[in-house]
Amino acid sequence: MKTVQWGLDYYTGLPEVDRQHQELFALINRLNAAKSCSPEALDQAFAELRDYVREHFGLEEQLMAEAQIDAEHYAQHRAAHAGFVARLDQLWQARGEDSEWVAEEMLAFLTNWLVQHILLTDRKMALEIHTRMGTQAPHNMFEHF
């Protein structure tokens with residue numbers, strides 16, 4: 001599997017969110033590299049990613065609550081986070097059955113979900129936060145929402 005790279009397409013204009021997104025891309029790439037190492041290295045890379053994902057989702061949910069964004073959007077965003085964590089845990093529990101397949105499936109899921117979530121859900125969240133906080137969304141990148 002190819003590594004994933006963070007780029008300006010994923011920019012939200014929320015500095016801590018953007019920094020954490022960059023770290024999530026790096027952790028996915030570490031997980032990708034670890035799959036060809038020992039099972040212990042894969043376990044460690046997964047644990048780091050799992051823990052960081054929960055920290056990141058907590059930050060996003062805190063920012064949404066502080067900005068008092070639309071309750072429906074907030075609920076949908078939290079549900080997306082919960083679904084992601086559940087699927088990640090499900091894939092990880094299956095790793096003993098066929099670890100090579102599970103690692104590939106997990107990486108595909110992580111990459112696809114993260115990219116789509118940032119481009120659609122997180123950028124929409126950022127636009128609403130910028131609007132409610134009276135700040136400017138960067139470079140008018142979010143006009144299509």
For [X], check side-chain hydrogen bond (donor to acceptor under 3.5 Å, both in side chains) against everything at least two apart and list the hits.
{"X": "S38", "answer": "E40"}
{"X": "D51", "answer": "none"}
{"X": "D70", "answer": "none"}
{"X": "E48", "answer": "R30, Q44"}

Is a donor on one side and an acceptor on the other found under 3.5 Å between the side chain of [X] and the backbone of [Y]?
{"X": "R132", "Y": "Q68", "result": "yes"}
{"X": "D18", "Y": "T12", "result": "yes"}
{"X": "T121", "Y": "I118", "result": "no"}

Could you grab the distance from atom [atom1] of [X] to atom [atom2] of [Y], nearest 0.5 Å is fine?
{"X": "L119", "Y": "Y11", "atom1": "CG", "atom2": "OH", "result": "15.5 Å"}
{"X": "I28", "Y": "W113", "atom1": "CD1", "atom2": "CH2", "result": "10.0 Å"}
{"X": "D43", "Y": "L31", "atom1": "CG", "atom2": "CG", "result": "10.0 Å"}
{"X": "M106", "Y": "T111", "atom1": "CE", "atom2": "OG1", "result": "11.5 Å"}
{"X": "H117", "Y": "Y10", "atom1": "NE2", "atom2": "OH", "result": "13.5 Å"}
{"X": "L127", "Y": "D122", "atom1": "CG", "atom2": "CG", "result": "12.5 Å"}

Would you say the side chain of [Y] lies within less than 4.5 Å of the side chain of [X], judging by non-hydrogen atoms?
{"X": "M125", "Y": "H73", "value": "yes"}
{"X": "H130", "Y": "L14", "value": "yes"}
{"X": "H81", "Y": "V53", "value": "no"}
{"X": "L110", "Y": "L49", "value": "yes"}
{"X": "Q20", "Y": "E60", "value": "no"}

Original post:
Would E104 and K35 satisfy side-chain contact (heavy atoms from CB on, under 4.5 Å), going step by step from the backbone distance to the final call?
Top reply: CA-CA 9 Å; E104 288 298 324; K35 74 178 190 223; 2.6 Å; yes

**OP:** Please determine, by modelled atom types, if R87 and Q90 share a side-chain donor-acceptor pair under 3.5 angstrom.
**Re:**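 There is such a pair between these side chains.
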
Original post:
Step by step, would you call L27 with E23 a side-chain contact (heavy atoms from CB on, under 4.5 Å)?
Top reply: CA-CA 6 Å; L27 288 167; E23 182 62 20; 3.8 Å; yes

**OP:** Locate the shortest heavy-atom distance separating A41 from C37; write the atom from each residue and the value.
**Re:**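 Looking at all heavy atoms of both residues, the shortest contact is CB-CB, 3.8 Å.
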
**OP:** With sequence neighbours excluded, tell me which residues meet side chain to side chain contact (heavy atoms under 4.5 Å, CB included) with Q76.
**Re:**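 So Q76 forms a side chain to side chain contact (heavy atoms under 4.5 Å, CB included) with E72.
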
Subject >> For R54, side chain to side chain contact (heavy atoms under 4.5 Å, CB included) partners two or more places apart >> reply: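 Expected list: R50, V85, D89.
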
Original post:
Please walk me through it: do Y74 and E61 pass side-chain contact (heavy atoms from CB on, under 4.5 Å)?
Top reply: CA-CA 8 Å; Y74 180 73; E61 291 169 12; 4.1 Å; yes

**OP:** Measure the acute angle between the ring planes of W92 and F46, then classify it against the limits of 30° and 60° as parallel, tilted or perpendicular.
**Re:**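 Rings of W92 and F46: parallel, under 30°.
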
**OP:** Applying side-chain hydrogen bond (donor to acceptor under 3.5 Å, both in side chains), run through H21 and H56 and close with a yes or a no.
**Re:** CA-CA 8 Å; H21 284 163; H56 173 67; 3.1 Å; yes

